[in-house]
Amino acid sequence: MAHNTLSEFPAGCVQLAQGALHGRYQLNKNYIMSLTNQNLLRNFYLEAGLWSYSGSGGTTAATSAVTDGPEDWHWGWESPTCELRGHMMGHWLSAAARIYAHTADPLVKAKADTIVSELARCQEAAGNGWLAAFPETFMHRLAKGNNVWAPHYTIHKLLMGLLDMFTFTGNGQSLSILKGMADWFYRWSEPFTRSQMDDILDVETGGMLESWADLYAITNEMKHRELMLRYDRRRFFDALLEGNDVLTNKHANTQAAEILGAAKVYEITGELRYRQVVEAFWKFAVEERGYLATGAADDAELWIPAGNMSRMGVGQEHCVNYNMMRLAHALLRWTGDPAYADYWERRFVNGVLAHQHSETGMIAYFLGIGPGSKKQWGSPTQHFWCCHGTLVQANTAYDEQIFMKHGDGIAIMQWMPASLRTSVEGRSVALSIRQDGQHGVYPLNNWNKEGLTAITKVNIPQLPLHRPDRFIFEIRVEADGEGDIDFPLSLRLPWWLNGKAIIIINGQEQNGEFVASSIATFERAWKNGDTVRVELPKNLRTEPLPGEPGTFAFMDGPILLAGLVEGERRLVGNPSQPESLLVADRERNHSWWNPGYYRTKGQEIGIRFIPLYEIKDETYTVYFPVVQP
């Protein structure tokens with residue numbers, strides 16, 4: 001499968017099963033719907049001249065009465081005085097569009113459609129295609145080389161949100177708005193020489209190239225192709241193609257977003273140069289640079305020097321985490337190489353989940369992993385950091401890698417409880433992934449009804465005595481109609497496997513290598529009710545800190561552990577035998593097994609370890625110096 005391409009199923013075909021991941025998805029949806037239209041639109045109204053204070057001290061927005069006061073408005077980076085204001089609107093539209101595509105919730109679509117119609121009114125008031133929560137003068141300041149905070153970055157978020165509204169919900173008005181914005185940018189950028197445009201693109205361009213490529217793919221209009229080519233980030237792209245690592249101590253997120261633009265241009269035009277740019281970037285950003293146990297190679301928004309990851313005082317940025325996951329997904333589609341899905345999984349479990357508060361749904365801008373780290377949580381309406389928006393999006397896109405199309409077959413690329421409904425040879429086919437929470441381990445804690453049954457009945461097979469050393473999943477095939485149905489089923493065997501996977505189809509164990517970071521494919525005639533049992537052995541292991549010999553993080557399968565300690569502590573033991581350092585702790589929680597819970601043994605000071613994604617307000621440390629006894 002290493003050279004076979006993959007593609008996504010249409011949105012809505014894949015559904016998360018009830019459980020902890022679905023709970024996080026719902027938490028995010030609830031937050032999305034809690035943000036009022038008034039607050040999301042206020043800065044756009046202000047810029048368009050459609051908002052003013054009323055004489056009574058209240059406010060009016062467009063023609064509708066506003067009932068909240070300034071204390072209820074959106075502040076932080078969405079404040080009317082912040083130059084980055086308006087970025088959250090684009091993220092919100094993208095998230096809402098995806099939620100509707102997955103759930104068909106009419107309330108989500110009605111709210112999003114209303115907001116799009118109000119944005120159209122704001123654009124109409126401007127009269128020239130301009131639409132933003134800030135004035136056109138920001139772009140003129142940028143062109144003159146005067147200081148302004150990332151207007152291209154903010155505009156891209158709005159473009160992306162409108163594109164997603166058109167793509168996922170079929171909202172035609174959003175496409176009309178997009179075309180008007182494109183006309184404005186086409187006129188604005190037309191007078192610039194290539195050198196002048198390159199100077200402009202040196203200032204945090206974000207994903208503008210990606211948006212223009214998306215628009216060109218929809219319209220096939222030559223002016224949109226020309227606009228796309230004007231936003232080619234040549235100075236950056238050419239340096240990569242010349243073999244220069246121009247990443248160290250540069251702004252990681254803007255570079256990742258620009259590379260996503262190159263990836264999209266390649267997909268749309270087939271021009272090989274853009275794929276080569278993406279591959280060169282991946283080599284420098286991931287393969288040669290190395291990464292921390294979370295998958296990150298950035299700290300305080302900047303790329304860390306290659307092979308030297310000891311600088312981790314501020315922490316990884318969620319925007320970088322999300323965009324690198326998106327890039328890994330693109331490369332997975334192109335190549336079918338499971339290494340990209342491995343990387344995506346590492347970033348998801350120890351990035352997306354770890355950046356989100358599991359009870360409030362709020363965001364940690366940075367995720368520290370240095371000694372004595374503590375997550376700083378944003379609030380629902382008072383911060384609106386850039387990462388606030390990317391986390392809202394990331395938590396609507398769990399499904400994109402679970403099931404994927406692989407030629408005429410189906411591939412399972414991420415092991416999450418979920419279901420797929422699709423068509424094979426004209427017949428409706430459903431696949432479901434269920435995790436065995438009693439003879440396996442739940443990757444996220446969750447009330448387990450089957451586990452409750454298991455601990456109340458006595459006439460069932462004996463439960464394991466201790467926490468199992470493997471994740472166990474069952475895949476069930478269901479097909480409408482009579483007779484067998486032929487299609488290949490491919491399974492990613494993840495990087496963290498401890499030995500061989502065990503794969504059992506309808507009770508018969510299959511022969512094969514089934515080793516880590518590989519694909520197992522089964523081409524057969526499937527019957528309705530066929531089952532595939534997949535056992536993925538895992539173990540406790542250490543990962544060294546790149547560039548700092550003798551310092552290690554601990555992982556339980558794909559799960560990064562955090563020690564509940566306020567500063568650096570030296571541990572004594574053999575890092576190649578982590579069981580000499582840690583023992584299982586809090587193995588059982590009523591009806592499920594707890595992965596990632598350990599405590600030190602034989603140390604001067606005892607330390608508890610829990611999954612990094614479960615950290616809320618505790619102070620913690622991820623990397624520990626380990627010395628041999």
Side-chain angles (χ1 to χ4, degrees), residues 24 247 252-253 256 282 285-287 289-329 339-358 363-377 387 390-391 394-395 401 414 443-444 494-496 538 540-548 551-564 568 595-596 598 609-616 618-624:
R24 290 215 185 201
L247 276 62
N253 187 51
W282 188 266
V286 179
E287 294 173 350
R289 187 167 304 277
Y291 45 78
L292 299 162
T294 60
D298 64 286
D299 183 72
E301 302 193 13
L302 307 178
W303 292 113
I304 303 173
N308 185 2
M309 300 286 154
S310 59
R311 190 185 77 195
M312 52 184 179
V314 176
Q316 70 186 49
E317 183 188 19
H318 183 271
C319 289
V320 181
N321 190 77
Y322 177 58
N323 280 327
M324 291 302 290
M325 287 173 64
R326 291 186 63 214
L327 187 60
H329 185 63
Y340 297 114
D342 288 343
Y343 180 88
W344 191 98
E345 179 188 41
R346 186 188 286 261
R347 285 282 205 169
F348 176 77
V349 173
N350 306 301
V352 172
L353 298 181
H355 274 273
Q356 184 196 33
H357 195 292
S358 61
I363 174 67
Y365 187 155
F366 293 112
L367 179 64
I369 56 173
S373 293
K374 193 165 187 177
K375 297 179 184 179
Q376 301 297 319
W377 300 109
C387 297
T390 55
L391 191 82
N395 280 287
Q401 270 213 3
Q414 299 297 336
L444 289 169
W495 54 279
W496 43 264
K538 66 178 185 64
L540 178 68
R541 69 182 192 288
T542 56
E543 287 198 4
L545 176 60
E548 192 168 305
T551 301
F552 298 88
F554 295 88
M555 300 197 76
D556 184 5
I559 301 169
L560 178 60
L561 312 184
L564 301 181
E568 184 173 271
Y598 291 86
F609 284 77
I610 67 174
L612 180 61
Y613 61 65
E614 288 196 10
I615 294 286
K616 298 181 182 70
E618 305 91 336
T619 303
Y620 64 92
T621 297
V622 170
Y623 280 95
F624 292 81

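The chain is numbered in sequence order, starting from 1.
No side-chain heavy atom of Leu292 sits less than 4.5 Å from a side-chain heavy atom of Leu560. Side-chain contact between Val320 and Glu301 is absent, with no heavy atoms from C-beta onward closer than 4.5 Å. A heavy-atom distance below 4.5 Å is not found between the side chains of Met312 and Val622. When side chains are defined from C-beta on, Gln376 does not count as touching Phe366, because their heavy atoms never get closer than 4.5 Å. Contact check for Phe348 versus Gln414: no side-chain heavy atoms found under the 4.5 Å cut-off.
Taking CG from Leu564 and CD1 from Ile610, the interatomic distance works out to 4.5 Å, rounded to the nearest 0.5 Å. One finds the CG atom of Asn253 at 10.5 Å from the CE atom of Met324 (value rounded to the nearest 0.5 Å). Taking OH of Tyr623 as the start and CD of Glu548 as the end, the distance is 10.0 Å to the nearest 0.5 Å. A distance of 8.5 Å separates CG of Asn321 from OG1 of Thr390, quoted to the nearest 0.5 Å. For the atom pair OG1 of Thr294 and NE2 of His355, the computed distance is 7.5 Å after rounding to the nearest 0.5 Å. Ile369 contributes atom CD1, which lies 8.5 Å from atom CG of Asp299 (distance to the nearest 0.5 angstrom).
Checking side-chain atoms of Thr551 against main-chain N and O of Phe624 turns up no donor-acceptor pair under 3.5 Å. In this structure, Arg24 contributes its side chain and Ser358 its backbone to no donor-acceptor pair below 3.5 Å. Glu317 contributes no side-chain N or O that, together with a main-chain N or O of Gly315, makes up a donor-acceptor pair within less than 3.5 Å. In this structure a side-chain-to-backbone donor-acceptor pair under 3.5 Å is present from Trp377 to Lys616. One N or O on the side chain of Arg541 and one on the backbone of Gly557 form a donor-acceptor pair closer than 3.5 Å. In this structure, Lys375 contributes its side chain and His357 its backbone to no donor-acceptor pair below 3.5 Å.
Here the closest heavy-atom approach between residue Thr621 and residue Pro371 is recorded as OG1-CA, 3.5 Å. When all heavy atoms are compared, the tightest approach of Ser310 to Leu545 is CA-CD2, 4.1 Å. Among all heavy-atom pairs drawn from Ala297 and Arg289, the shortest one is CB-CD, 3.8 Å. Contact between Val349 and Pro558 at its shortest, heavy atoms only, is CG1-O, 3.9 Å. For the residue pair Pro494 and Asp342, the shortest heavy atom distance occurs at CA-OD1, 3.7 Å. Pairing each heavy atom of Gly596 with each of Pro611, the nearest pair is O-CD, 3.4 Å.
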* To do: Step by step, work out the side-chain contact (heavy atoms from CB on, under 4.5 Å) result for Val352 and His318.
  => CA-CA 7 Å; Val352 172; His318 183 271; 4.0 Å; yes
* Would you sort out whether Tyr291 and Val286 count as a side-chain contact (heavy atoms from CB on, under 4.5 Å), showing the intermediate values? => CA-CA 7 Å; Tyr291 45 78; Val286 179; 3.8 Å; yes
* Just do the side-chain contact (heavy atoms from CB on, under 4.5 Å) check on Asp556 and Lys538 with the steps written out, would you? => CA-CA 7 Å; Asp556 184 5; Lys538 66 178 185 64; 2.6 Å; yes
* Hey, mind stepping through Asn350 and Met555 against side-chain contact (heavy atoms from CB on, under 4.5 Å) and telling me if it holds? -> CA-CA 10 Å; Asn350 306 301; Met555 300 197 76; 3.8 Å; yes
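Among Tyr598, Tyr620, Phe554, the one residue that satisfies the ring-ring contact (aromatic ring centres under 6.0 Å, His included) test with Phe609 is Phe554.
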